[in-house]
2 protein chains.
Amino acid sequence: MELTPSCPDLLGRLRAVGLRPTRQRLALARLLFDAGDRHVTAEHLHGQALASAIRVSLATVYNTLHQFTAAGLLREVVVEPGRSYFDTNIDDHHHFFCESIGTLQDIPGQGVVVSGLPLPPPGTEIRRVEVIVRIGPESR
Amino acid sequence: MELTPSCPDLLGRLRAVGLRPTRQRLALARLLFDAGDRHVTAEHLHGQALASAIRVSLATVYNTLHQFTAAGLLREVVVEPGRSYFDTNIDDHHHFFCESIGTLQDIPGQGVVVSGLPLPPPGTEIRRVEVIVRIGPESR
DNA sequence: GTGATTGCAAATCTTTTGCACTAAA
DNA sequence: TTTAGTGCAAAAGATTTGCAATCAC
């Protein structure tokens, strides 16, 4: 594939994290990062790739999502048993999650303060504090 | 099975939530609730049942865990993709989760305050605020 | 060319389901 | 009895892996 000049930033971002900018990685990166903040599942992204006439196998989508996550380009969000979401927003932030629809929505991290946490167990340190606000349709 | 008089509370608890106190439900309830706060996976609980010479199928363990959860006797905690933990502590509280070991640890809810949350999206209301503190071995 | 990456299909792992059988009431 | 609950094995999902073919460099 010709590396189109329309995505120099993506190409550079992949190179910067040591991932060879292959056809499918670039195509997936474009789907992921060219449309603002997104929360996708592997299945979802694969469907979108196929719809965009990008030939990628589901296995490659999984591999790519995990490589991007390991490289710090994505964040994995676990809110539902048996399904992983990947978040293109890697800033410190939190989530609303609607169980009835299965939808994630970002909560900017700046405003939220979690206070009163005890010290982590001896020998461990805090990696990240994650707040998940589970929401549902209004009762009435 | 003879309903032993040693577990009148469990029997009553099951009846109270409309679950017929069968041999395996009682046995699993005893494993779950007779040992203080616990975080178990289905696989884990099944192994423990077998080790205690309780004949239960894994399918029944799954069904029972979900029935208990639906009945409010347990809480499901989702922290790892592809694996559910069930928590015998149903009070309002949060968790430390160590990814390297896969261990959950309770954080009492009283002390922790989450402030600065935005309003939930229109038409929805907050069901629960969950804080997961991801921890790992100390860097140095 | 050479080694990383991909596709595919098969394997794996967790969880759910269908149905004949068993047990609680 | 009557109906809910169970076991088993098979099915269903999500995710991973092995290996030959392919592509970036």
Side-chain angles (χ1 to χ4, degrees), chain A residues 1-4 7-8 10-29 39-47 49-50 53-71 73-74 76-86 102, chain B residues 1-4 7 10-29 31 39-47 49-50 53-71 73-74 76-86 102:
Chain A
M1 172 198 183
E2 189 76 17
L3 300 178
T4 78
C7 53
L10 289 178
L11 208 163
R13 262 171 104 179
L14 291 186
R15 285 222 170 94
V17 296
L19 289 174
R20 187 180 284 188
T22 63
R23 187 185 337 221
Q24 24 283 330
R25 282 188 186 152
L26 264 174
L28 293 177
H39 303 96
V40 301
T41 64
E43 200 74 46
H44 179 183
L45 184 60
H46 184 233
L50 295 187
I54 300 166
R55 281 200 308 86
V56 216
S57 71
L58 182 56
T60 296
V61 172
Y62 272 106
N63 291 336
T64 302
L65 285 172
H66 284 131
Q67 289 154 355
F68 283 10
T69 302
L73 301 177
L74 287 177
E76 190 170 1
V77 184
V78 186
V79 280
E80 258 185 340
R83 177 183 268 84
S84 274
Y85 290 81
F86 293 86
Chain B
M1 173 196 183
E2 189 76 18
L3 300 178
T4 77
C7 52
L10 289 177
L11 208 164
R13 262 171 104 179
L14 291 185
R15 286 223 169 94
V17 296
L19 289 173
R20 187 183 285 188
T22 63
R23 190 189 333 226
Q24 24 283 342
R25 282 188 186 151
L26 265 173
L28 293 176
L31 288 179
H39 304 94
V40 300
T41 64
E43 199 74 45
H44 180 183
L45 183 60
H46 184 233
L50 295 187
I54 299 167
R55 281 200 306 89
V56 217
S57 71
L58 182 56
T60 295
V61 172
Y62 272 105
N63 291 336
T64 301
L65 285 172
H66 284 131
Q67 289 154 356
F68 283 9
T69 301
L73 301 177
L74 287 177
E76 190 169 0
V77 184
V78 186
V79 281
E80 257 186 340
R83 177 184 266 83
S84 274
Y85 289 81
F86 293 86

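Residue numbering restarts at 1 for every chain, and letters A, B, ... go by the order of the sequence lines.
- Remark: B:His66 pairs with B:Phe86 by the ring pair (Phe, Tyr, Trp, His ring centres under 6.0 Å) rule, at least two apart or across chains.
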The contact string for nucleotides 10-15 of chain D, one letter per nucleotide 5' to 3', using protein heavy atoms under 4.0 Å with B, S and - for base, sugar-phosphate only and none, comes out as ----SB

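- Whole-Å rounding puts the B:Arg25 CZ to C:dA24 P distance at 12 Å.
- Looking at residues two or more places apart in sequence or on another chain, you find a side-chain hydrogen bond (donor to acceptor under 3.5 Å, both in side chains) between B:Glu80 and B:Tyr85.
- In this structure A:Thr69 satisfies the side-chain hydrogen bond (donor to acceptor under 3.5 Å, both in side chains) test with no other residue, sequence neighbours excluded.
- The separation between B:Gln67 atom CD and D:dT6 atom C1' is 10 Å, rounded to whole Å.
- Look at A:Thr22 and you'll find a side-chain N or O under 4.0 angstrom from OP1 or OP2 of C:dT6.
- Each end of the helix from C:dG1-D:dC25 to C:dA25-D:dT1 gets its own axis from five base pairs, and the two axes differ in direction by 30°, given to 10 degrees.
- Close to C:dA23, at under 4.0 Å from its OP1 or OP2, lies a side-chain N or O of B:Arg23.
- OP1 or OP2 of D:dC25 lies within a sub-4.0 Å distance of a side-chain N or O belonging to A:Arg15.
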Pairs: protein N or O with nucleotides 17-20 of chain C N or O, under 3.5 Å:
none

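- Residue A:Gln24 places no side-chain N or O under 4.0 Å from the OP1 or OP2 atom of D:dC23.
- Counting heavy atoms from C-beta on, the side chains of A:Leu14 and A:Leu73 come closer than 4.5 Å.
- Residues B:Leu31 and B:Ile54 are in side-chain contact: their nearest non-hydrogen atoms beyond the backbone lie under 4.5 Å apart.
- The phosphate of D:dG7 has OP1 or OP2 within less than 4.0 Å of a side-chain N or O from B:Ser57.
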